Asker: 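Dropping the structure in here first, questions after.
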Amino acid sequence: MSEPSIDLAVIGGSGLYQFPGLENVSRRALETPYGPASGEVVLGDFADKRLAFLARHGESHTLAPHRVNYRANLWALHALGARRVIGVNAVGGIRADMGPRTLVVPDQLIDYTHGRVTSFCDVEGAEIKHIDFSEPYTASLRQALLDAAGRAGIPMIDGGCYGATQGPRLETRAEIARMQRDGCDLVGMTGMPEAALARELDLQYACLSLVANFAAGCGDEAEISIEEIFAHLAAATAQVPVLLKAMLS
Ligand code: HPA
C-alpha cells in the first residue's frame with residue numbers, strides 16, 4: 001500500500017524539536033544525494049491531515065545554523081512527497097513592534113550568510129537553474145498562515161524583511177544598525193539558504209518567525225540573555241500547533 005500524501009511539512013527551529021499532538025507516528029531516515037538530513041523525518045496525523053516534521057538542528061539541537069545540511073533536509077521532504085513546507089525560525093526583532101514572543105510571517109529577506117552551500121546546482125554536471133526569487137516566500141502559503149492565525153485568535157504580523165546571518169554568535173549592535181538601514185525587520189540564522197532551496201525544488205515555502213528577543217541594540221538590555229531567549233521561544237513555540245491545527249482544519 002502506498003503511503004498517504006503529505007499535506008504539510010514543518011521544519012522546526014530552535015525550541016521546536018518534536019511536533020506535539022502527532023498521532024500514528026512513523027519515522028523515515030532517508031539517504032540523500034547531498035548527505036544526511038538533520039535527522040529522521042517524523043510522519044504522523046495531525047488535524048486529520050498528514051504532517052511531516054523535521055528538526056532543523058537535530059532533535060537534541062546538535063547542529064549549528066551554518067552546519068545544517070539544508071539541501072538534504074529539503075530534498076528528503078520533497079522525496080517523501082511534501083509540496084508545502086513551513087520553516088519555523090527563532091529570530092531577533094529589529095522593528096519596534098517585533099518584540100519577544102511576536103509571531104511574524106515575513107515577506108522578504110536579505111541574505112548575509114557566507115560559505116553555505118546555497119544551491120542544488122552546486123554539483124558537477126548539474127543543470128543550472130536561475131530561479132526567480134523576487135518574492136522569496138509563497139504568497140498562498142503565507143496567506144494560509146495569516147488566515148489561520150485570524151481564525152485561532154493568535155496575533156501575527158503580516159510581512160517584514162528577514163535578515164539571515166551566519167551565526168552561531170549573535171550580532172553586534174553595529175551589524176544590527178546596518179541591517180536596520182538595509183531594511184531588515186528581523187534577524188535569524190537559518191532562513192537562508194532554506195528558502196532558496198525550497199524554490200529550486202518548486203516547493204511552496206513560507207517562514208514562520210518566532211521572536212525570541214530584541215536584536216542587539218534594539219531593546220533596553222545591554223546584553224542579550226540566552227535564558228530569556230529560550231523562555232520567550234518556549235512561549236511562542238506553544239502557539240505553533242494551535243496555529244497549524246487551525247490552518248489544516
Ligand atoms: N540574532 C540572530 N538570530 C537569532 C536572534 C538574534 O538576535 N535571536 C534568535 N535567533
Side-chain angles (χ1 to χ4, degrees), residues 10-17 38 54-70 73 86-116 118 136-137 145 155-157 159-196 205-240 243:
V10 177
I11 301 177
S14 296
L16 184 59
Y17 308 113
S38 296
L54 179 59
R56 184 187 288 115
H57 299 283
E59 289 181 16
S60 312
H61 201 138
T62 45
L63 290 167
H66 64 294
R67 301 198 57 228
V68 169
N69 190 340
Y70 295 92
N73 287 353
I86 292 180
V88 181
N89 304 74
V91 296
I94 297 176
R95 214 165 85 187
D97 62 342
M98 295 185 178
R101 304 189 182 200
T102 308
L103 274 63
V104 186
V105 180
D107 62 350
Q108 274 300 327
L109 66 80
I110 299 178
D111 188 5
Y112 299 89
T113 66
H114 49 86
R116 302 185 182 187
T118 56
Y137 304 113
L145 281 171
M156 181 179 275
I157 295 181
C161 180
Y162 178 113
T165 54
Q166 179 72 355
R169 66 168 176 83
L170 298 173
E171 299 71 32
T172 65
R173 287 169 182 252
E175 285 168 336
I176 294 296
R178 176 178 76 146
M179 292 177 73
Q180 196 164 26
R181 288 193 298 275
D182 284 352
C184 293
D185 301 305
L186 301 161
V187 54
M189 302 173 191
T190 53
M192 281 293 282
E194 198 171 273
Y205 180 87
C207 170
L208 172 60
S209 291
L210 311 179
V211 182
N213 56 286
F214 269 119
C218 297
D220 297 332
E221 299 89 3
E223 285 181 18
I224 297 168
S225 139
I226 299 300
E227 288 72 35
E228 269 179 49
I229 285 192
F230 277 96
H232 290 311
L233 213 42
T237 300
Q239 311 255 54
V240 174
L243 175 71

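Just so we're clear, the structure is a prediction, and the values are computed from it rather than from any experiment. Counting starts at 1 for both ligands and their atoms, following the listed order.
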Asker: Is there a donor-acceptor pair under 3.5 Å between the side chain of Thr62 and the backbone N or O of Gly58?
Answerer: no
Asker: Over 60° means perpendicular and under 30° means parallel, so classify the ring planes of His61 and Phe230, tilted if in between.
Answerer: perpendicular
Asker: Do Val211 and Val104 have side-chain heavy atoms sitting under 4.5 Å apart?
Answerer: yes
Asker: I'd like the contact residues of ligand 1, where contact means a heavy atom below 4.0 Å.
Answerer: Ala90, Val91, Gly92, Leu170, Glu171, Val187, Gly188, Met189, Asn213
Asker: Nearest 0.5 Å please: distance from the CD atom of Glu171 over to the CE atom of Met179.
Answerer: 6.0 Å
Asker: Find the distance between CD1 (Ile86) and CG (Leu145) and round it off to the nearest 0.5 Å.
Answerer: 4.0 Å
Asker: Tell me whether Glu194 is salt-bridged to Arg116, with the criterion being a basic N under 4.0 Å from an acidic carboxylate O.
Answerer: no
